[in-house]
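Working notes, structure below.
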Amino acid sequence: MSITTKSAEDIEGMREACRLASEVLDYITPHIQPGITTLEIDRLGAECMAQQGTRSATIGYQPPGYPPYPGHLCTSVNHVVCHGIPSDKPLKKGDIVNVDVTVITEDGWYGDNSRMFLIGECSIAAKRLSALTFDAMWLGIQQVKPGARLGDIGHAIQKYAEGNGLSVVREFCGHGIGKKFHEEPQVLHYGRPGTGEVLVPGMTFTIEPMLNLGKRDIKELGKDGWTIITKDRSLSAQWEHTVLVTETGYEVLTLSAGSPPLPPFVQATRT
C-alpha cells in the first residue's frame, strides 16, 4: 500500500480545496427546500464552482467499468445510499437527501465532503438517522492521531452505529485524497481497533460513513451504472469530511462558515 503524505505546501493546497468544497454546500443550503429538484441543486453547485474558479471532480468521472458520471455533484435521496444522479423530480416534505461535493482547484487539489439535508418536517426516524450518522462520523474523526490505526476509526463508527440499531454499509468507504480523487488508504467504517495502517502526520483522507435504518445490504438501482440503494428500501444517511493527520491529532479541512455546528463532544482541531 502506497500512502501519500503531504508537505506543508501541499497541506495549504488541500486546505483551500476543502474549504471551497464546503463553501459549495454553504451556497446551496438556503435553496434546499420542498419543491426544488436535485437537478436544480446540481446547477447551483456548478454555478458556485464557476464563481470560485474550481471545477467538479464528478462530472465525466469514469472509473473502470463505469459509465461517465453525469452530475456536478451527487444527490442521494431517502433509500439511495450513494451516487444518486441529479434528476428533475422535486423533493417533497419528509424527504432526506445527501449532497456530496468534490471540487478541483486550479492547482489540482481535490476537496471532498457531503452533508445531509432534511426537507421540511421529517419523521422522527429520519431525523434520528441523520443525527446519529453525523455523530458517528465525528466519533471516527476523534480517533485520528499519529500512531492510531485505521481500524480504530472503523471500530468507533461501527460500535456507535450498531449500538443505536443502525447498520453500516460495507461496500463503500472513505479514501485518501490529494491531487487524485481517490488515493490510498481505504478508510473502512467498520473494523477492529489496533488493526490496519498506522496513521502518520501529513496523511489526508475522507471519513464518510453510510448508515442504514434497516439492514446493511445494498444493490444497484436500474441500469444507470451508479445509483446504489438499500436492498430493503430503508432510509440511508451519510456525512463526510476530509481530515488531515497533524503532528499531535487531526484537523478537519472541510469546515467553512456554514458548516453544521460540531457535536458537543468534539473539537474541529485536536492539537
Side-chain angles (χ1 to χ4, degrees), residues 6 9-62 68-77 80 82-91 95-120 134 137 174-175 177-183 204-208 226 238-244 251-262 268-269:
K6 310 302 188 294
E9 183 179 358
D10 294 341
I11 290 167
E12 286 305 310
M14 284 295 295
R15 283 195 180 108
E16 179 186 27
C18 290
R19 174 182 57 80
L20 291 168
S22 189
E23 288 179 356
V24 174
L25 289 169
D26 295 350
Y27 184 88
I28 66 178
T29 291
H31 301 278
I32 301 183
Q33 303 289 339
I36 193 171
T37 66
T38 52
L39 203 57
E40 176 65 7
I41 294 171
D42 188 76
R43 187 196 67 77
L44 289 164
E47 178 179 272
C48 183
M49 291 178 210
Q51 292 174 9
Q52 293 176 336
T54 63
R55 56 191 174 91
S56 167
T58 55
I59 193 160
Y61 180 61
Q62 188 177 17
Y69 186 78
H72 296 87
L73 39 78
C74 298
T75 51
S76 301
V77 181
V80 177
C82 60
H83 304 158
I85 295 173
S87 76
D88 58 3
K89 182 179 180 181
L91 296 174
D95 285 339
I96 63 173
V97 57
N98 174 270
V99 181
D100 192 336
V101 172
T102 309
V103 304
I104 313 171
T105 64
E106 291 181 356
D107 291 334
W109 293 105
Y110 286 70
D112 189 4
N113 64 167
S114 79
R115 297 180 197 168
M116 291 299 298
F117 295 89
L118 307 178
I119 310 303
F134 184 69
M137 174 189 65
H175 53 89
I177 187 169
K179 283 203 167 181
K180 293 181 181 177
F181 194 170
H182 297 96
E183 300 178 345
T204 51
F205 50 79
T206 69
I207 297 177
E208 48 180 305
W226 283 102
Q238 179 188 23
W239 290 83
E240 176 184 14
H241 272 308
T242 298
V243 179
L244 164 71
E251 180 182 343
V252 179
L253 300 177
T254 38
L255 288 174
S256 57
S259 293
L262 309 184
T269 304

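When side chains are defined from C-beta on, Thr29 counts as touching Arg115, because their heavy atoms get closer than 4.5 Å. Side-chain atoms of Met14 and Thr242, non-hydrogen and from C-beta on, do get closer than 4.5 Å to each other. Taking the side chain as every heavy atom from C-beta outward, Ser76 and Gln238 never approach each other to under 4.5 Å. Glu40 is not listed as a side-chain neighbour of Pro90, based on a closest heavy-atom distance of 4.5 Å or more.
Every residue meeting the side chain to side chain contact (heavy atoms under 4.5 Å, CB included) condition with Val24, not counting sequence neighbours, appears here in chain and number order: Cys48, Met49, Gln52, Val101, Val103.
Shortest non-hydrogen contact noted between Ile119 and Val97 is CD1-CG1, 4.0 Å. For the residue pair Cys18 and Leu253, the shortest heavy atom distance occurs at CB-O, 3.4 Å. Nearest heavy atoms, Gly120 versus Pro34: N-CG, 4.2 Å. Across Thr75 and Ile85, no two heavy atoms sit closer than the pair OG1-C, 3.9 Å.
Checked by atom type and distance alone, the side chain of Lys179 pairs as donor or acceptor with a backbone atom of Asp107 at under 3.5 Å. Judged by distance alone, with hydrogens and angles left aside, the side-chain atoms of Asp42 form a donor-acceptor pair with the main-chain N or O of Leu73 at under 3.5 Å. A donor-acceptor distance shorter than 3.5 angstrom exists from the side chain of Thr38 to the backbone of Ser87, with no hydrogens or angles considered. With Ser259 contributing its side chain and Ser256 its backbone, the two residues share a donor-acceptor pair below 3.5 Å.
A distance of 7.0 Å separates CD1 of Ile104 from OG of Ser56, quoted to the nearest 0.5 Å. The distance from atom NE2 of His182 to atom CG of Asp112, rounded to the nearest 0.5 Å, is 6.5 Å. Atom CZ of Arg43 is separated from atom NE2 of His72 by 11.0 Å, given to the nearest 0.5 angstrom. Here CD of Glu23 is found 10.5 Å from CG of Asn113. Values are rounded to the nearest 0.5 Å. Of the inter-residue distances, the one linking Thr37 atom OG1 with Leu91 atom CG reads 7.5 Å to the nearest 0.5 angstrom. Here the straight-line distance linking atom CG of Asp10 with atom CG of Leu244 works out to 11.0 Å at 0.5 Å rounding.
For Glu106, the CD atom is loosely surrounded, since the number of other residues' heavy atoms within 6.0 Å does not exceed 12. Shown here is Glu9, whose CD atom has no more than 12 heavy atoms of other residues, nucleotides or ligands within 6.0 Å.
Between Phe181 and Tyr61, the two ring planes are tilted [angle within 30° to 60°]. Taking the six-membered ring where tryptophan is involved, the planes of Tyr69 and Trp226 are perpendicular, since the angle between them exceeds 60° and thus also 30°.
Of the residues listed (Thr254, Asp100, Thr206, Asn98), the one engaging Ser114 in a side chain to side chain donor-acceptor pair (under 3.5 Å) is Asn98, and it is the only one.
Residues Glu183 and Lys6 are paired through a salt bridge, judged by an N-O separation under 4.0 Å between the basic side chain and the carboxylate.
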